[in-house]
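When a ligand or atom number is given, it counts from 1 through the structure's own listing order. For reference, positions follow the sequence shown, starting with 1.
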Amino acid sequence: MIKGNPVYNQILKHSLFEEKGVKVSVKRLDKIHPQVSGNKFFKLKYNLEKAKTEGQNTILTFGGAFSNHIAAVAFATKAEGLNSIGIIRGEKILPLNNTLKMAQSNGMKLFFISRESYRNKTETSFLNELKSKFGDFFMIPEGGTNELAISGTSEILEKADQEYSHILASIGTGGTFAGLVKSLLNHQTLIGISALKGNFIHQEIEDLLKTHQIFPQGNTQIMDSFHFGGYAKYKKELIDFIWRFYEDFGITLDPIYTGKLFFGVWEMITNNQFKKDSSLLIIHSGGLQGNIGFTEMTGIKLPPLSA
Ligand SMILES: *Cc1c(COP(=O)(O)O)cnc(C)c1O
């Protein structure tokens, strides 16, 4: 696997945190690699390793048109000397957005399928169809969540992180959350903030943990009230928060995952949901490449990616 930069925890200083008596740090997974960013670096690590030991030279995976996972797979497979195929949800829109243009320039072959076909993408008949079309491949599921991905994300928390009382992270498919649960210590609370609308997420995470035989040591909690209308939906309040956060701390967030995460944490601190002397570690799961496409599509400017 390509080499990542060292990850560090950055302490945030703010009058709100002082007033509430909480310590707040950010784990800067966004700094691990410019193209294989954040949690996707951890999710891909053991999958690519396995593909290589199995002698597979083509990786096939799935994602939406702005997917951080697609962007990460395209770059990482190229760096590993592997081929990649991206099955993209929805119809092809030209010109391609930044995510897909970059994926293609990294050698990923893109295939667009209807939203209906995409829904059936894990059915055997559909996978067989793909095999007859593309030959043999190593499949990584949507968002990259599988057993090997969870082995990777269980390495996000390090030994030194035992000092924190609360770990906070965004939830999409839950692969990152599951890895964090796996490495959680019994004096810690893990809070996942869902990027999706709906209380189905509680059951989905419960099922995911059961499937992978993960039994939490500490406490876990899922917040489903910071989705801003649903996956990839946003409101002006969220965009304003992203700008304010950038001005206060020089850290760039995205409107899909980390913006909602940090907004939620901010709300929770404001509403006294953490006891005095709590020490929070918020996982910045990276994925800022999608901001370019977001601005292309909406015309809404976001803070610079390199921050
Ligand atoms: C993919 C992604 C997530 C969601 O991770 P899951 O493991 O699918 O829950 C969160 N944050 C960012 C920035 C992502 O790109």
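Counting only residues at least two apart or on different chains, the salt bridge (Lys or Arg N to Asp or Glu O under 4.0 Å) pairs with a member in residues 101-126 are K121-E142.
Comment: K23 does not engage D277 in a salt bridge, judged by the lack of any side-chain N to carboxylate O separation of less than 4.0 angstrom. A salt bridge links K236 to D240: at least one charged side-chain nitrogen sits closer than 4.0 Å to a carboxylate oxygen. A salt bridge is defined here as a Lys NZ or Arg NE, NH1 or NH2 lying under 4.0 Å from an Asp or Glu carboxylate O, and K45 with E155 meets this definition.
L302 pairs with exactly one of I292, N291, L253 by the side chain to side chain contact (heavy atoms under 4.5 Å, CB included) rule, that one being N291.
When all heavy atoms are compared, the tightest approach of G290 to N68 is N-OD1, 3.8 Å.
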Starting from the N and O atoms of ligand 1, find every protein N or O within less than 3.5 Å and list the pair with its distance.
from	atom 1	to	atom 2	distance (Å)
ligand 1	5 (O)	N39	ND2	3.0
ligand 1	7 (O)	K43	NZ	2.6
ligand 1	7 (O)	G175	N	3.3
ligand 1	7 (O)	T176	N	2.9
ligand 1	7 (O)	T176	OG1	2.7
ligand 1	8 (O)	K43	NZ	3.2
ligand 1	8 (O)	T173	N	2.8
ligand 1	8 (O)	T173	OG1	2.6
ligand 1	9 (O)	G172	N	2.7
ligand 1	9 (O)	T173	N	3.2
ligand 1	9 (O)	G174	N	2.8
ligand 1	11 (N)	S285	OG	2.8
ligand 1	15 (O)	K40	NZ	2.7
ligand 1	15 (O)	N68	ND2	2.7

